[in-house]
Amino acid sequence: MKLIKFNVLFVLLLLLIIPFLLSFKLHTLPDRLQPGLKGTERIYKDHILSQGFLSNSDNLSGVGLSIKNPNFSNKNELVYLIKDSDGNTVRIGSINGRNIPDGDFIVLKFEPVTNSKNRQFYFELSSPTSPENESFEVYFSEEDNFAEQKLKTDGRPTNLNLAYVIYYTQNSQVLVFLNVAELFVSRFFRDTTFFVFYTLLIASTIILLIKQPGRKSS
Amino acid sequence: MISRSIEIILLAVLLRLLIMPFYFHPDIKTYHFQASFFRQGVFNIYSYLDEHKQELPFKEEFVYFPLTYFFLGGYQFVALPFLGNDFDSWLQSGGIGSAEQIGTFRYLFILKLPYLILDIIIAFLLASFFKEEKEKQRALLLWLFNPFSISLIYIFSNVDILAITFVVLSVLLTQRKKMILAALCLGIGAGFKAYPLIFLPILLLYAHGIRQKSLVLLTTLGTLVLIIAPFIGSIPFRQSTMVSGLTTRMLIPIINLGFDETLFIAILPFSFICFYIWIKGKTEIDNLARYFLAILLLLYSFIHYHIQWLLWAIPLAVIVIVKKESLKWVLVSIGVLACLIPLLYSDKSMSVDLLKPISLWYDLVPIPFSIVSNYYSPVILQSILHSVLAGASFAVAWFLITSQDK
């Protein structure tokens, strides 16, 4: 009986307690979901990408992108700069290719920019030590998000937007947890057929369990 | 007692159903992406992935033996009506798409259903080892209600359960002195993944006489050869399966003897156990699980293992614990230690990323590696834990091969 109780608690830990606790470790949240991915642009040597965006909130603290790095082959640094509308660098950071799994969504983090609301910024991506045949590749979006703020490659404008997500540091952890829970529930409900089936399955199993004859502790 | 068993199984199934849709390890998407080509009529997945590497969204090789490919691909045929039209686009998506798409919960649930079935089958197989009702119930409880197997199967999406089922069946058949069938099961298990072959020398020791030993050897290896025969000539097959994972990691830790000769440390204890059992002479049927478990414990001690590989030992540990309850907490301690080590790897998919179906934002939570880095070297800590694991495994393995039950 102890073994069964322990495992029931273990499953509750996995389903409720761990997600709850992890929510309190979330200090930054994205402003939206990542738009759909279409193709990639490469970053290597002198080939630099620059994308403009409007910051919707204060405490701008990260940019999320999907980056290709097949088999972790590129182990060079991917350097990112955050620049304001005057071209001044406000933040700089880098991430090593060893930490970029192929096609994964990576958040490029930096110290929060406190007065960032309604300000225009650019993020610039480069990898000066990457050879051309081992470039990083960043996904651009299939959606036309910002008509005026297009991707620039080596300073030249294109018709594309990178598939990026902007992150902001949060002041209230309770709000973060509620956001997490709300989004989870709404996503779970969206697959209505599965939601109904799954709920019925769980309910049926519980009913069968309760109706077992001669249930006793051991 | 039957009612009690049904109650146990129902509760175990319920706990598993609750977890299945919500934890995501990227391996399940990787190998199902690869297996999806079976629906398109691809037979030699190894050559196909190699030839089309440039145009495929994922470049990984298929590292399992062919039966895994056919099983997963065949299952997709059956499950496709329930998986829906967007399943293939989910398989091909990278980054956020993996855990964010609407169907993710459904896909994870359906793709893990075969594991649930095999999980319950293993429970019945383990109960079959024992004659006394009390021991049967104990085996059921230990397998169905241990956090290790629940985590390794349903959180880490462990496809090794396919091979493990046949290893357990092989041990059961050996217990019933059906050696050829046991050898066949070992060969079939190896057709999913190579690891069952490490038990073949012990199985040979259990066979009586040259004739039976020869038949056991031929059956196991012959079964495996039949399974891989269509692929043996394929270089990508040989590169993907024979020179990867377990086989290469066993050859990494070495002692240099000079003159270009080395000792492979991971093979040493394995050889020691086999020859010790041979010298000892008495191969009691009830000791087979002990010997297999001893081999695995020492294997984990000397290689950089995947956390999924720990599942290989759990059914064997269940058999041992039922017969020798005093080993329970020792083996649990070793299990906790063995699980802690991979959690300290610098790999998000070992911790926070597992919860991406619940929230993609968990990707932002620092992993144990990063947290420990603030205080101490996580690599040194891993090494310390692994050294402790090795010592503990030595002690337990020695006990397992030298002592008797009750």
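Letters A, B, ... mirror the listed sequences (proteins, then strands); counts begin at 1. Hydrogens, waters and symmetry mates play no part in the numbers below; they use all other heavy atoms, side chains included.
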Excluding sequence neighbours, so at least two apart, what forms ring pair (Phe, Tyr, Trp, His ring centres under 6.0 Å) with B:Y46?
B:F62, B:F231, B:F237

Which residues pass the salt bridge (Lys or Arg N to Asp or Glu O under 4.0 Å) test with A:K109, sequence neighbours left out?
none

Distance from B:M20 atom CE to A:Y198 atom OH, nearest 0.5 Å?
8.0 Å

Chain B contact via A:F197 - which portion, at a heavy-atom distance below 4.5 Å
side chain

Starting at CZ of B:F105, measure out to CG of A:D191 and round the result to the nearest 0.5 Å.
9.0 Å

Which atom pair, heavy atoms only, marks the closest approach of A:L201 to B:F109?
CD2-CZ, 3.4 Å

When the 4.5 angstrom heavy-atom criterion is applied to A:L183 and chain B, the contacting part is side chain

Inter-residue atom distance A:L16.CG - B:I358.CD1, 0.5 Å rounding:
9.0 Å

Sub-3.5 Å donor-acceptor pair from the side chain of A:R187 to the main-chain atoms of B:P357, do we have one?
yes

Under 4.5 Å heavy-atom distance to chain B, tell me which part of A:V185 shows up: side chain, backbone, both or neither.
neither

Rounded distance (nearest 0.5 Å) linking atom CG of B:L15 with atom CD1 of A:I4:
9.0 Å

Here the gap from B:F82 atom CZ to A:F194 atom CZ, rounded to the nearest 0.5 Å, amounts to 13.0 Å

Scanning both residues in full, the closest heavy-atom pair of B:I19 with A:L15 reads CA-CD2, 4.4 Å

Pair B:S346-A:N99, side chain to side chain contact (heavy atoms under 4.5 Å, CB included): steps then yes or no:
CA-CA 9 Å; B:S346 176; A:N99 297 315; 4.2 Å; yes

As an exercise, state the distance from CG of A:N7 to CG of B:L11, rounded to the nearest 0.5 Å.
9.0 Å

